[in-house]
**Student:** 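Dropping a structure here in C-alpha coordinates format, bear with me for questions.
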Amino acid sequence: MKFQSSELPIGKPQARRKTAPKLAPLIVITILFTIIPIYYPSIRYSSQKKISEVISSNSEDTVQVVDHLDNDLQVNRPCPVEDVPTKPCNVPIKEEQQHEPEQEKPEKLPEKDEKFVTKSDITDKEVQPLPRKKLDRHNQHARKTGHHQRDFTVSKAVPEKTDQKKQLSNDDVRISSSEVSHSSASCDLFSGEWVKNPEGPYYTNDTCYAIQQHQNCLKFERPDTDFLKWRWKPDACELPIFNPTQFLEFVRGKSLAFVGDSVARNHMQSLICLLSKVVYPEDVSETQDENRRWIYKDYDFNISMFWAPYLVKTEKTDPNDVTQPFNLYLDEFDEFWTKQIQGFDYVVISAGHWFFRPTMFYINRRLVGCLYCPQSNVNHVTSYFSYRRAFRTAFRAINSLESFKGVTFLRTFAPSHFENGPWDKGGDCARTKPFKRNEKKLEGYNLEFYKIQLDELKIAQRTGRRRGLKFRLFDATQPMLLRPDGHPSKYGRYTDPNVTVPNDCVHWCLPGPIDAWNDFLVELLKREVAD
(Lines give C-alpha, C1' and ligand atoms only; values in the text may rest on other atoms or scores of the structure.)
Protein backbone atom coordinates (compact mmCIF):
# COMPACT_ATOMS: atom_id res chain seq x y z
CA MET A 1 0.00 0.00 0.00
CA LYS A 2 1.34 3.49 -1.02
CA PHE A 3 1.41 6.20 1.62
CA GLN A 4 1.25 10.01 0.94
CA SER A 5 4.61 11.72 0.84
CA SER A 6 5.50 13.67 3.96
CA GLU A 7 7.50 16.17 1.83
CA LEU A 8 4.40 17.89 0.41
CA PRO A 9 3.75 21.43 1.60
CA ILE A 10 1.50 21.32 4.64
CA GLY A 11 -0.65 24.24 3.79
CA LYS A 12 -1.07 23.35 0.11
CA PRO A 13 -4.46 21.89 -0.70
CA GLN A 14 -4.19 18.33 -2.09
CA ALA A 15 -6.51 16.38 -4.31
CA ARG A 16 -8.33 13.72 -2.23
CA ARG A 17 -7.28 10.18 -3.08
CA LYS A 18 -9.56 7.15 -2.91
CA THR A 19 -7.96 5.33 0.04
CA ALA A 20 -11.00 3.47 1.41
CA PRO A 21 -10.75 0.46 -0.89
CA LYS A 22 -7.08 0.06 0.00
CA LEU A 23 -7.78 0.19 3.74
CA ALA A 24 -10.40 -2.58 3.51
CA PRO A 25 -7.90 -5.51 3.38
CA LEU A 26 -6.13 -4.13 6.41
CA ILE A 27 -9.40 -3.93 8.33
CA VAL A 28 -10.34 -7.51 7.32
CA ILE A 29 -6.98 -8.88 8.40
CA THR A 30 -7.24 -7.08 11.74
CA ILE A 31 -10.69 -8.57 12.35
CA LEU A 32 -9.50 -12.07 11.45
CA PHE A 33 -6.54 -11.86 13.81
CA THR A 34 -8.92 -10.82 16.54
CA ILE A 35 -11.48 -13.59 15.96
CA ILE A 36 -9.26 -16.58 15.12
CA PRO A 37 -7.58 -16.90 18.56
CA ILE A 38 -11.03 -17.11 20.08
CA TYR A 39 -12.48 -19.76 17.84
CA TYR A 40 -9.40 -21.63 16.67
CA PRO A 41 -9.19 -24.07 19.64
CA SER A 42 -12.64 -25.45 18.98
CA ILE A 43 -11.91 -25.78 15.29
CA ARG A 44 -8.67 -27.57 16.00
CA TYR A 45 -10.25 -29.88 18.57
CA SER A 46 -13.12 -30.67 16.22
CA SER A 47 -10.78 -31.66 13.44
CA GLN A 48 -8.61 -33.70 15.78
CA LYS A 49 -11.63 -35.48 17.16
CA LYS A 50 -12.61 -36.51 13.65
CA ILE A 51 -9.09 -37.80 13.02
CA SER A 52 -9.10 -39.79 16.24
CA GLU A 53 -12.46 -41.29 15.35
CA VAL A 54 -11.11 -42.40 11.97
CA ILE A 55 -8.05 -43.94 13.58
CA SER A 56 -10.19 -45.68 16.17
CA SER A 57 -12.57 -47.06 13.57
CA ASN A 58 -9.69 -48.30 11.46
CA SER A 59 -8.09 -49.98 14.44
CA GLU A 60 -11.28 -51.93 15.07
CA ASP A 61 -10.94 -53.56 11.67
CA THR A 62 -7.39 -54.68 12.37
CA VAL A 63 -6.60 -57.58 14.66
CA GLN A 64 -4.55 -56.18 17.51
CA VAL A 65 -1.90 -58.73 18.40
CA VAL A 66 -0.50 -58.51 21.89
CA ASP A 67 2.64 -60.51 22.51
CA HIS A 68 2.47 -61.90 26.04
CA LEU A 69 5.59 -64.06 25.80
CA ASP A 70 7.52 -62.12 28.41
CA ASN A 71 4.60 -62.21 30.84
CA ASP A 72 4.81 -65.99 31.21
CA LEU A 73 8.22 -65.96 32.89
CA GLN A 74 7.77 -66.78 36.54
CA VAL A 75 9.56 -68.96 39.03
CA ASN A 76 7.76 -72.01 40.41
CA ARG A 77 8.27 -74.33 43.29
CA PRO A 78 9.04 -77.97 42.34
CA CYS A 79 6.14 -80.33 41.79
CA PRO A 80 5.92 -84.10 42.25
CA VAL A 81 6.53 -86.07 39.10
CA GLU A 82 3.26 -87.61 38.02
CA ASP A 83 2.72 -90.55 35.73
CA VAL A 84 -0.58 -89.18 34.49
CA PRO A 85 -0.47 -85.37 34.77
CA THR A 86 -3.66 -84.03 36.20
CA LYS A 87 -3.16 -81.03 38.47
CA PRO A 88 -0.59 -78.25 38.29
CA CYS A 89 1.33 -77.03 41.27
CA ASN A 90 3.00 -74.11 39.54
CA VAL A 91 2.72 -71.73 42.48
CA PRO A 92 5.27 -68.90 42.56
CA ILE A 93 8.03 -69.20 45.11
CA LYS A 94 7.81 -66.26 47.49
CA GLU A 95 11.31 -65.33 48.59
CA GLU A 96 12.88 -61.99 49.35
CA GLN A 97 15.29 -62.11 46.47
CA GLN A 98 12.56 -63.09 44.04
CA HIS A 99 9.77 -60.83 42.97
CA GLU A 100 6.31 -61.47 41.73
CA PRO A 101 5.97 -60.99 38.00
CA GLU A 102 5.27 -57.42 37.01
CA GLN A 103 1.63 -56.76 36.45
CA GLU A 104 0.45 -54.60 33.65
CA LYS A 105 1.28 -51.01 34.40
CA PRO A 106 -1.50 -48.44 34.09
CA GLU A 107 -1.49 -46.62 30.83
CA LYS A 108 0.77 -43.59 30.88
CA LEU A 109 -0.88 -40.23 30.41
CA PRO A 110 0.19 -38.26 27.33
CA GLU A 111 2.84 -35.64 27.72
CA LYS A 112 1.74 -32.02 27.81
CA ASP A 113 2.98 -31.25 24.35
CA GLU A 114 0.93 -34.01 22.76
CA LYS A 115 -2.03 -32.71 20.83
CA PHE A 116 -4.55 -35.48 21.13
CA VAL A 117 -4.96 -39.09 22.18
CA THR A 118 -6.34 -42.01 20.20
CA LYS A 119 -7.26 -45.61 20.99
CA SER A 120 -3.91 -46.68 19.64
CA ASP A 121 -2.25 -44.52 22.29
CA ILE A 122 -4.30 -45.49 25.33
CA THR A 123 -5.99 -48.85 25.01
CA ASP A 124 -9.58 -49.09 26.16
CA LYS A 125 -9.62 -45.49 27.41
CA GLU A 126 -12.10 -42.94 26.14
CA VAL A 127 -10.50 -40.54 23.69
CA GLN A 128 -10.28 -37.15 25.38
CA PRO A 129 -8.36 -34.00 24.44
CA LEU A 130 -5.64 -32.57 26.59
CA PRO A 131 -6.40 -29.49 28.71
CA ARG A 132 -5.87 -26.16 27.03
CA LYS A 133 -5.19 -22.84 28.67
CA LYS A 134 -8.07 -20.47 29.12
CA LEU A 135 -8.05 -17.54 26.83
CA ASP A 136 -6.88 -14.79 29.16
CA ARG A 137 -7.59 -12.01 26.70
CA HIS A 138 -11.10 -13.32 26.13
CA ASN A 139 -11.73 -13.56 29.88
CA GLN A 140 -10.54 -10.02 30.47
CA HIS A 141 -12.83 -8.77 27.75
CA ALA A 142 -15.71 -10.72 29.28
CA ARG A 143 -15.12 -9.22 32.69
CA LYS A 144 -15.21 -5.70 31.24
CA THR A 145 -18.25 -6.15 29.02
CA GLY A 146 -20.17 -8.70 31.02
CA HIS A 147 -20.57 -10.88 27.92
CA HIS A 148 -19.28 -14.44 28.29
CA GLN A 149 -18.68 -16.65 25.32
CA ARG A 150 -17.89 -20.35 25.18
CA ASP A 151 -15.19 -21.55 27.55
CA PHE A 152 -12.88 -23.85 25.60
CA THR A 153 -11.11 -25.27 28.62
CA VAL A 154 -11.33 -29.09 28.55
CA SER A 155 -11.07 -31.25 31.65
CA LYS A 156 -7.91 -33.27 32.02
CA ALA A 157 -8.01 -36.89 30.93
CA VAL A 158 -7.89 -39.12 34.01
CA PRO A 159 -7.10 -42.84 33.65
CA GLU A 160 -9.71 -45.24 34.90
CA LYS A 161 -8.94 -46.85 38.22
CA THR A 162 -8.47 -50.55 37.69
CA ASP A 163 -7.93 -53.38 40.11
CA GLN A 164 -4.89 -55.13 38.75
CA LYS A 165 -5.66 -58.25 40.76
CA LYS A 166 -9.20 -58.48 39.43
CA GLN A 167 -9.71 -61.41 37.09
CA LEU A 168 -11.94 -61.51 34.08
CA SER A 169 -15.52 -62.44 34.73
CA ASN A 170 -17.10 -65.24 32.75
CA ASP A 171 -18.95 -62.61 30.70
CA ASP A 172 -15.63 -60.94 29.89
CA VAL A 173 -14.24 -64.29 28.83
CA ARG A 174 -17.20 -64.88 26.55
CA ILE A 175 -16.61 -61.48 24.94
CA SER A 176 -12.95 -62.39 24.39
CA SER A 177 -13.87 -65.67 22.75
CA SER A 178 -16.38 -63.95 20.48
CA GLU A 179 -13.53 -61.92 18.99
CA VAL A 180 -11.97 -65.05 17.50
CA SER A 181 -15.13 -67.02 16.75
CA HIS A 182 -16.30 -67.01 13.17
CA SER A 183 -19.83 -67.76 12.23
CA SER A 184 -22.50 -66.41 9.94
CA ALA A 185 -25.10 -67.54 12.46
CA SER A 186 -26.20 -65.37 15.34
CA CYS A 187 -26.17 -68.21 17.87
CA ASP A 188 -23.15 -68.71 20.11
CA LEU A 189 -23.03 -72.49 20.48
CA PHE A 190 -20.80 -72.39 23.53
CA SER A 191 -22.78 -70.07 25.77
CA GLY A 192 -25.53 -72.03 27.48
CA GLU A 193 -26.48 -74.60 30.10
CA TRP A 194 -26.73 -78.35 30.53
CA VAL A 195 -30.36 -79.47 30.47
CA LYS A 196 -32.00 -82.81 31.13
CA ASN A 197 -32.07 -85.32 28.28
CA PRO A 198 -33.89 -88.53 29.19
CA GLU A 199 -33.07 -90.08 25.80
CA GLY A 200 -29.34 -90.44 26.46
CA PRO A 201 -27.03 -92.23 26.12
CA TYR A 202 -26.87 -93.10 22.41
CA TYR A 203 -24.45 -96.02 22.78
CA THR A 204 -23.09 -98.17 25.60
CA ASN A 205 -19.91 -100.04 26.44
CA ASP A 206 -21.60 -103.12 24.96
CA THR A 207 -22.28 -101.52 21.56
CA CYS A 208 -18.93 -99.76 21.09
CA TYR A 209 -15.57 -101.46 21.15
CA ALA A 210 -13.54 -98.22 20.90
CA ILE A 211 -13.85 -97.39 24.62
CA GLN A 212 -10.58 -97.68 26.52
CA GLN A 213 -10.61 -99.36 29.92
CA HIS A 214 -9.87 -96.25 31.96
CA GLN A 215 -12.89 -94.44 30.43
CA ASN A 216 -15.27 -97.39 30.65
CA CYS A 217 -17.22 -96.19 33.67
CA LEU A 218 -20.19 -98.51 33.07
CA LYS A 219 -17.99 -101.58 32.91
CA PHE A 220 -16.44 -100.76 36.27
CA GLU A 221 -19.88 -100.35 37.84
CA ARG A 222 -20.21 -96.67 38.43
CA PRO A 223 -23.35 -96.67 40.58
CA ASP A 224 -25.02 -93.51 39.28
CA THR A 225 -26.13 -93.06 35.66
CA ASP A 226 -27.68 -89.60 35.82
CA PHE A 227 -24.48 -88.13 34.31
CA LEU A 228 -25.61 -89.73 31.02
CA LYS A 229 -28.91 -87.83 30.93
CA TRP A 230 -27.83 -84.32 29.99
CA ARG A 231 -27.37 -82.37 26.77
CA TRP A 232 -25.94 -78.93 26.02
CA LYS A 233 -28.48 -76.19 25.31
CA PRO A 234 -27.11 -72.92 23.82
CA ASP A 235 -28.82 -69.76 25.03
CA ALA A 236 -29.99 -68.53 21.63
CA CYS A 237 -30.76 -71.68 19.67
CA GLU A 238 -31.12 -75.45 19.74
CA LEU A 239 -28.12 -77.72 19.26
CA PRO A 240 -29.32 -80.91 17.56
CA ILE A 241 -28.25 -84.25 19.00
CA PHE A 242 -25.63 -86.00 16.88
CA ASN A 243 -27.14 -87.83 13.92
CA PRO A 244 -24.64 -90.46 12.69
CA THR A 245 -26.24 -91.01 9.29
CA GLN A 246 -26.40 -87.30 8.57
CA PHE A 247 -22.81 -86.84 9.71
CA LEU A 248 -21.48 -89.59 7.45
CA GLU A 249 -23.27 -88.14 4.46
CA PHE A 250 -21.96 -84.72 5.32
CA VAL A 251 -18.31 -85.86 5.46
CA ARG A 252 -18.49 -88.14 2.45
CA GLY A 253 -15.17 -87.92 0.61
CA LYS A 254 -13.55 -85.96 3.45
CA SER A 255 -10.81 -86.54 6.01
CA LEU A 256 -10.61 -85.54 9.68
CA ALA A 257 -7.51 -85.39 11.89
CA PHE A 258 -7.21 -85.06 15.65
CA VAL A 259 -3.89 -83.63 16.85
CA GLY A 260 -3.15 -83.65 20.58
CA ASP A 261 -3.05 -85.79 23.70
CA SER A 262 -5.21 -88.45 25.35
CA VAL A 263 -8.17 -86.07 25.70
CA ALA A 264 -8.06 -85.56 21.92
CA ARG A 265 -8.10 -89.34 21.57
CA ASN A 266 -11.00 -89.40 24.06
CA HIS A 267 -12.91 -87.10 21.66
CA MET A 268 -12.10 -89.24 18.63
CA GLN A 269 -13.25 -92.41 20.40
CA SER A 270 -16.52 -90.71 21.27
CA LEU A 271 -17.05 -89.96 17.58
CA ILE A 272 -16.35 -93.57 16.59
CA CYS A 273 -18.80 -94.79 19.22
CA LEU A 274 -21.53 -92.45 18.03
CA LEU A 275 -21.00 -93.57 14.44
CA SER A 276 -21.07 -97.24 15.50
CA LYS A 277 -24.88 -97.11 15.43
CA VAL A 278 -24.55 -97.01 11.62
CA VAL A 279 -21.23 -98.62 10.73
CA TYR A 280 -17.92 -99.68 12.23
CA PRO A 281 -14.73 -98.30 10.66
CA GLU A 282 -11.82 -100.37 9.42
CA ASP A 283 -8.63 -99.93 11.40
CA VAL A 284 -5.83 -99.30 8.90
CA SER A 285 -3.26 -98.05 11.42
CA GLU A 286 0.33 -98.73 10.46
CA THR A 287 1.38 -98.92 14.10
CA GLN A 288 -0.18 -100.04 17.36
CA ASP A 289 0.86 -96.97 19.34
CA GLU A 290 -1.16 -93.82 19.95
CA ASN A 291 -1.16 -92.84 16.26
CA ARG A 292 -4.15 -94.48 14.62
CA ARG A 293 -6.17 -94.33 11.42
CA TRP A 294 -9.67 -95.57 10.55
CA ILE A 295 -11.57 -95.51 7.28
CA TYR A 296 -15.27 -95.68 6.45
CA LYS A 297 -15.05 -97.20 2.99
CA ASP A 298 -18.71 -96.80 2.08
CA TYR A 299 -18.42 -93.07 2.66
CA ASP A 300 -14.84 -92.51 1.53
CA PHE A 301 -14.23 -90.91 4.91
CA ASN A 302 -11.24 -91.38 7.18
CA ILE A 303 -10.25 -90.35 10.71
CA SER A 304 -6.69 -90.08 12.02
CA MET A 305 -5.23 -89.50 15.45
CA PHE A 306 -1.79 -87.85 15.65
CA TRP A 307 -0.22 -88.17 19.07
CA ALA A 308 1.32 -84.77 19.88
CA PRO A 309 0.73 -83.86 23.55
CA TYR A 310 3.15 -80.92 23.29
CA LEU A 311 2.41 -79.98 19.64
CA VAL A 312 6.09 -79.11 19.06
CA LYS A 313 9.27 -81.12 18.60
CA THR A 314 9.82 -83.23 21.72
CA GLU A 315 12.44 -85.66 23.01
CA LYS A 316 12.46 -87.94 26.04
CA THR A 317 15.42 -87.49 28.33
CA ASP A 318 15.00 -91.16 29.23
CA PRO A 319 13.47 -93.26 26.41
CA ASN A 320 12.27 -95.90 28.88
CA ASP A 321 10.79 -93.64 31.56
CA VAL A 322 7.98 -91.21 30.70
CA THR A 323 8.08 -89.76 34.22
CA GLN A 324 11.44 -88.15 33.48
CA PRO A 325 11.55 -84.61 32.04
CA PHE A 326 10.90 -84.09 28.35
CA ASN A 327 12.95 -81.78 26.17
CA LEU A 328 10.66 -79.33 24.36
CA TYR A 329 11.99 -77.41 21.36
CA LEU A 330 9.45 -74.66 21.56
CA ASP A 331 10.29 -72.99 18.25
CA GLU A 332 10.56 -76.19 16.15
CA PHE A 333 7.77 -78.02 14.34
CA ASP A 334 6.76 -81.56 15.22
CA GLU A 335 7.17 -82.82 11.70
CA PHE A 336 5.52 -86.13 12.44
CA TRP A 337 2.08 -84.54 12.29
CA THR A 338 2.77 -81.32 10.41
CA LYS A 339 3.94 -83.23 7.33
CA GLN A 340 0.97 -85.61 7.39
CA ILE A 341 -1.98 -83.24 7.71
CA GLN A 342 -1.48 -81.42 4.41
CA GLY A 343 -4.14 -83.46 2.63
CA PHE A 344 -6.77 -83.28 5.40
CA ASP A 345 -9.99 -81.32 5.08
CA TYR A 346 -10.48 -80.75 8.81
CA VAL A 347 -7.99 -80.69 11.68
CA VAL A 348 -8.98 -80.49 15.37
CA ILE A 349 -5.96 -79.40 17.40
CA SER A 350 -5.75 -79.35 21.20
CA ALA A 351 -3.35 -79.72 24.12
CA GLY A 352 -3.39 -79.18 27.84
CA HIS A 353 -2.58 -81.34 30.82
CA TRP A 354 0.80 -82.58 29.62
CA PHE A 355 2.15 -79.07 30.09
CA PHE A 356 2.20 -79.69 33.85
CA ARG A 357 4.86 -82.39 33.53
CA PRO A 358 8.56 -81.78 34.25
CA THR A 359 10.04 -80.32 31.08
CA MET A 360 13.19 -78.64 29.76
CA PHE A 361 12.66 -75.76 27.33
CA TYR A 362 14.84 -75.03 24.31
CA ILE A 363 14.69 -72.08 21.92
CA ASN A 364 17.17 -71.85 19.04
CA ARG A 365 18.57 -75.13 20.39
CA ARG A 366 19.59 -73.40 23.63
CA LEU A 367 18.28 -74.35 27.07
CA VAL A 368 16.28 -71.33 28.25
CA GLY A 369 14.30 -72.71 31.19
CA CYS A 370 12.54 -75.61 32.81
CA LEU A 371 9.41 -76.66 34.66
CA TYR A 372 9.82 -78.69 37.89
CA CYS A 373 13.45 -79.56 37.18
CA PRO A 374 16.00 -80.10 40.00
CA GLN A 375 18.72 -77.96 38.41
CA SER A 376 19.35 -74.72 40.29
CA ASN A 377 21.31 -73.11 37.46
CA VAL A 378 18.35 -73.17 35.03
CA ASN A 379 15.56 -70.59 34.93
CA HIS A 380 12.42 -72.05 36.48
CA VAL A 381 9.34 -70.80 34.62
CA THR A 382 5.61 -71.49 34.60
CA SER A 383 3.68 -73.81 32.33
CA TYR A 384 2.28 -70.69 30.64
CA PHE A 385 5.75 -70.09 29.19
CA SER A 386 5.71 -73.31 27.18
CA TYR A 387 1.96 -73.41 26.52
CA ARG A 388 1.92 -70.11 24.66
CA ARG A 389 5.01 -70.86 22.59
CA ALA A 390 3.83 -74.36 21.71
CA PHE A 391 0.55 -73.11 20.26
CA ARG A 392 2.25 -70.28 18.43
CA THR A 393 4.70 -72.71 16.84
CA ALA A 394 1.97 -75.23 15.98
CA PHE A 395 -0.15 -72.59 14.25
CA ARG A 396 2.92 -71.24 12.49
CA ALA A 397 3.59 -74.74 11.21
CA ILE A 398 0.08 -75.04 9.78
CA ASN A 399 0.31 -71.63 8.14
CA SER A 400 3.60 -72.63 6.52
CA LEU A 401 2.20 -75.72 4.79
CA GLU A 402 2.04 -75.03 1.07
CA SER A 403 -0.41 -77.81 0.23
CA PHE A 404 -2.73 -77.52 3.20
CA LYS A 405 -6.13 -76.06 2.28
CA GLY A 406 -8.21 -77.40 5.16
CA VAL A 407 -9.95 -75.84 8.16
CA THR A 408 -8.23 -75.90 11.57
CA PHE A 409 -10.35 -76.00 14.72
CA LEU A 410 -8.78 -75.10 18.04
CA ARG A 411 -10.55 -77.18 20.68
CA THR A 412 -9.97 -75.23 23.85
CA PHE A 413 -8.75 -76.53 27.19
CA ALA A 414 -11.09 -78.90 29.07
CA PRO A 415 -10.67 -78.32 32.83
CA SER A 416 -10.13 -81.10 35.35
CA HIS A 417 -12.26 -81.23 38.53
CA PHE A 418 -10.22 -82.36 41.54
CA GLU A 419 -11.80 -81.55 44.88
CA ASN A 420 -10.77 -82.17 48.49
CA GLY A 421 -7.12 -82.43 47.58
CA PRO A 422 -4.74 -82.47 44.62
CA TRP A 423 -4.52 -85.41 42.26
CA ASP A 424 -1.78 -87.17 44.26
CA LYS A 425 -3.30 -86.48 47.70
CA GLY A 426 -6.67 -88.15 47.35
CA GLY A 427 -8.36 -85.48 45.22
CA ASP A 428 -11.54 -86.77 43.63
CA CYS A 429 -14.47 -85.77 41.38
CA ALA A 430 -17.43 -87.43 43.08
CA ARG A 431 -20.21 -85.06 42.04
CA THR A 432 -23.19 -86.63 40.28
CA LYS A 433 -24.71 -83.67 38.42
CA PRO A 434 -23.54 -80.62 36.44
CA PHE A 435 -22.93 -77.17 37.85
CA LYS A 436 -25.24 -74.35 36.93
CA ARG A 437 -23.37 -71.57 35.15
CA ASN A 438 -23.57 -69.29 38.22
CA GLU A 439 -22.11 -72.00 40.45
CA LYS A 440 -18.71 -72.26 38.82
CA LYS A 441 -16.29 -69.62 37.58
CA LEU A 442 -13.42 -70.04 35.17
CA GLU A 443 -10.32 -68.98 37.10
CA GLY A 444 -6.73 -69.81 37.95
CA TYR A 445 -4.69 -71.82 35.49
CA ASN A 446 -7.84 -72.87 33.61
CA LEU A 447 -8.50 -69.23 32.80
CA GLU A 448 -4.87 -68.52 31.90
CA PHE A 449 -4.63 -71.49 29.54
CA TYR A 450 -7.88 -70.48 27.92
CA LYS A 451 -6.76 -66.88 27.43
CA ILE A 452 -3.46 -68.04 25.93
CA GLN A 453 -5.33 -70.17 23.40
CA LEU A 454 -7.54 -67.25 22.38
CA ASP A 455 -4.49 -64.98 22.01
CA GLU A 456 -2.64 -67.44 19.80
CA LEU A 457 -5.70 -68.29 17.73
CA LYS A 458 -6.12 -64.59 16.96
CA ILE A 459 -2.53 -64.40 15.70
CA ALA A 460 -3.00 -67.54 13.59
CA GLN A 461 -6.21 -66.17 12.07
CA ARG A 462 -4.54 -62.94 11.05
CA THR A 463 -1.64 -64.80 9.41
CA GLY A 464 -3.93 -67.40 7.84
CA ARG A 465 -6.10 -64.81 6.12
CA ARG A 466 -3.15 -63.85 3.92
CA ARG A 467 -3.07 -67.40 2.58
CA GLY A 468 -6.79 -68.06 2.61
CA LEU A 469 -6.52 -70.52 5.53
CA LYS A 470 -9.28 -70.80 8.11
CA PHE A 471 -8.73 -71.11 11.86
CA ARG A 472 -11.89 -71.61 13.91
CA LEU A 473 -12.75 -71.68 17.60
CA PHE A 474 -14.08 -74.94 19.06
CA ASP A 475 -14.82 -73.64 22.54
CA ALA A 476 -15.23 -76.61 24.87
CA THR A 477 -13.94 -74.84 28.00
CA GLN A 478 -17.10 -73.34 29.48
CA PRO A 479 -19.37 -76.36 28.80
CA MET A 480 -16.87 -78.78 30.32
CA LEU A 481 -16.12 -76.53 33.29
CA LEU A 482 -19.72 -77.24 34.34
CA ARG A 483 -19.37 -81.06 34.20
CA PRO A 484 -17.53 -82.28 37.31
CA ASP A 485 -19.73 -85.37 37.18
CA GLY A 486 -18.39 -86.63 33.86
CA HIS A 487 -14.97 -88.03 34.84
CA PRO A 488 -14.12 -91.68 35.52
CA SER A 489 -12.80 -90.96 39.03
CA LYS A 490 -12.15 -94.45 40.47
CA TYR A 491 -14.44 -96.16 37.97
CA GLY A 492 -11.80 -96.66 35.31
CA ARG A 493 -10.31 -99.76 36.90
CA TYR A 494 -11.04 -102.56 39.31
CA THR A 495 -10.29 -101.50 42.86
CA ASP A 496 -7.47 -103.16 44.74
CA PRO A 497 -7.19 -102.39 48.46
CA ASN A 498 -3.45 -102.98 48.31
CA VAL A 499 -2.84 -100.54 45.46
CA THR A 500 -3.31 -96.78 45.59
CA VAL A 501 -4.05 -95.24 42.21
CA PRO A 502 -4.93 -91.55 41.67
CA ASN A 503 -8.50 -90.83 40.69
CA ASP A 504 -8.97 -89.77 37.08
CA CYS A 505 -10.62 -86.35 36.96
CA VAL A 506 -9.04 -85.38 33.63
CA HIS A 507 -10.48 -87.79 31.05
CA TRP A 508 -14.18 -88.34 30.40
CA CYS A 509 -16.44 -91.35 30.73
CA LEU A 510 -17.67 -92.95 27.51
CA PRO A 511 -20.53 -92.52 27.04
CA GLY A 512 -20.60 -89.17 28.82
CA PRO A 513 -20.46 -85.38 28.50
CA ILE A 514 -17.69 -85.49 25.89
CA ASP A 515 -20.23 -86.84 23.39
CA ALA A 516 -21.58 -83.29 23.18
CA TRP A 517 -18.31 -82.30 21.49
CA ASN A 518 -19.52 -84.11 18.41
CA ASP A 519 -22.81 -82.21 18.54
CA PHE A 520 -20.61 -79.10 18.35
CA LEU A 521 -18.46 -80.60 15.60
CA VAL A 522 -21.40 -81.30 13.29
CA GLU A 523 -22.73 -77.77 13.68
CA LEU A 524 -19.31 -76.20 13.11
CA LEU A 525 -18.83 -78.21 9.92
CA LYS A 526 -22.27 -77.17 8.69
CA ARG A 527 -21.42 -73.54 9.26
CA GLU A 528 -18.22 -73.90 7.24
CA VAL A 529 -20.21 -75.16 4.27
CA ALA A 530 -22.76 -72.36 4.73
CA ASP A 531 -19.97 -69.75 4.76
**Student:** Where do Tyr362 and Glu332 land on the side-chain hydrogen bond (donor to acceptor under 3.5 Å, both in side chains) test, with the steps shown first?
**Tutor:** CA-CA 9 Å; Tyr362 291 82; Glu332 297 186 37; over 6 Å; no
**Student:** Using only atom types and a distance under 3.5 Å, with no angle test, would you say the side chain of His487 pairs donor to acceptor with the backbone of Asp428?
**Tutor:** no
**Student:** Going by atom types only, do Gln213 and Asn216 share a side-chain donor-acceptor pair under 3.5 Å?
**Tutor:** no
**Student:** Quick test of your reading of the model: are Glu448 and Lys451 salt-bridged, counting only N-O distances below 4.0 Å?
**Tutor:** yes
**Student:** A side-chain contact here means heavy atoms from C-beta on lying under 4.5 Å apart; do Phe333 and Lys339 qualify?
**Tutor:** no
**Student:** In terms of side-chain geometry, is the basic nitrogen of Glu335 or Lys313 positioned less than 4.0 Å from the acidic oxygen of its partner?
**Tutor:** no
**Student:** Would you mind reporting whether Leu271 and Phe247 have side-chain heavy atoms less than 4.5 Å apart?
**Tutor:** yes
**Student:** Is there a side-chain contact between Arg431 and His417 (heavy atoms, below 4.5 Å)?
**Tutor:**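 Side-chain contact under 4.5 Å: no.
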**Student:** Check whether the side chains of Tyr450 and Gln478 place a donor and an acceptor atom closer than 3.5 Å, and report yes or no.
**Tutor:** no
**Student:** Going by the rule side-chain contact (heavy atoms from CB on, under 4.5 Å), which residues pair with Thr287 if we only count those two or more places apart in sequence or in a different chain?
**Tutor:**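 Partners of Thr287 under the side-chain contact (heavy atoms from CB on, under 4.5 Å) test: Asp289, Asn291.
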**Student:** Is any side-chain heavy atom of Phe409 less than 4.5 Å from a side-chain heavy atom of Ser350?
**Tutor:** no
**Student:** Taking CZ in Arg365 as the centre, count heavy atoms belonging to other residues, nucleotides or ligands within less than 6.0 Å. Is the count above 12?
**Tutor:**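 Counting neighbours around CZ of Arg365, more than 12 heavy atoms of other residues, nucleotides or ligands fall under 6.0 Å, so yes.
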**Student:** Of all the heavy-atom pairs spanning Ser255 and Asp345, show the shortest one and how long it is.
**Tutor:**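 Reported closest heavy-atom pair: N-OD2, 2.9 Å.
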**Student:** Is Arg389 salt-bridged to Asp331, cutoff N-O under 4.0 Å?
**Tutor:**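 Salt bridge flag = no for Asp331 with Arg389.
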**Student:** I'd like to know if the side chain of Ser285 and the backbone of Arg293 have a donor-acceptor N/O pair within less than 3.5 Å.
**Tutor:** yes
**Student:** Quick check on the 6.0 Å ring-centre criterion: do Tyr384 and Tyr445 meet it?
**Tutor:**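 Ring-ring flag for Tyr384/Tyr445: false, centres at least 6.0 Å apart.
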**Student:** Could you check if a side-chain atom of Leu274 sits within less than 4.5 angstrom of a side-chain atom of Ser270, using non-hydrogen atoms only?
**Tutor:**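 Yes; the side chains approach each other to less than 4.5 Å.
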**Student:** So do the side chains of Leu256 and Val251 get within less than 4.5 Å of each other, counting heavy atoms only?
**Tutor:** no
**Student:** Can you list the steps and then say if Tyr491 with His214 is a ring pair (Phe, Tyr, Trp, His ring centres under 6.0 Å)?
**Tutor:** CA-CA 8 Å; Tyr491 299 105; His214 64 278; over 10 Å; no
**Student:** Is Pro325 close to Thr359 at the side-chain level, that is, under 4.5 Å between some pair of heavy atoms?
**Tutor:**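 Not touching, per the 4.5 Å side-chain cut-off.
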**Student:** In terms of ring plane angle, is the pair Phe361 and Phe385 parallel, tilted or perpendicular, where the classes change at 30° and 60°?
**Tutor:**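 Phe361 vs Phe385 ring planes: tilted.
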**Student:** Please name the residue in the list Arg437, Lys233, Arg483 that meets the salt bridge (charged side-chain N to carboxylate O under 4.0 Å, His left out) test with Glu193.
**Tutor:** Arg437
**Student:** Passes side-chain hydrogen bond (donor to acceptor under 3.5 Å, both in side chains), Arg472 versus Gln461? Steps please.
**Tutor:** CA-CA 8 Å; Arg472 304 295 190 233; Gln461 288 175 331; over 6 Å; no
**Student:** Please report whether the ring centroid of Phe306 lies less than 6.0 Å from that of Phe258.
**Tutor:**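 They do not qualify: ring centres at least 6.0 Å apart.
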**Student:** Backbone N or O of Gln453 within a donor-acceptor pair of the Glu456 side chain at under 3.5 Å?
**Tutor:**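 Pair absent, no side-chain N/O of Glu456 close to backbone of Gln453.
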**Student:** Is the shortest heavy-atom distance from the side chain of Ile459 to the side chain of Phe395 under 4.5 Å?
**Tutor:** no
**Student:** In terms of side-chain heavy atoms, does Tyr346 have a donor or acceptor partner in Glu528 at a distance below 3.5 Å?
**Tutor:**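 No - no donor-acceptor pair under 3.5 Å links their side chains.
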**Student:** Using the ring of Phe301 (Phe, Tyr or Trp, six-membered ring only), decide whether Lys254 places NZ or CZ under 6.0 Å from its centre and within 45 degrees of its axis.
**Tutor:** no
**Student:** Is the distance between the ring centroids of Phe356 and Phe449 under 6.0 Å?
**Tutor:** yes
**Student:** Take atom CD in Glu286; do more than 12 heavy atoms of anything else shown fall under 6.0 Å from it?
**Tutor:**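 At most 12 heavy atoms, drawn from other residues, nucleotides or ligands, come within 6.0 Å of this atom.
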**Student:** Side chain of His353, backbone of Ala414: donor and acceptor closer than 3.5 Å?
**Tutor:**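 The answer is yes, because a donor-acceptor pair under 3.5 Å joins these two groups.
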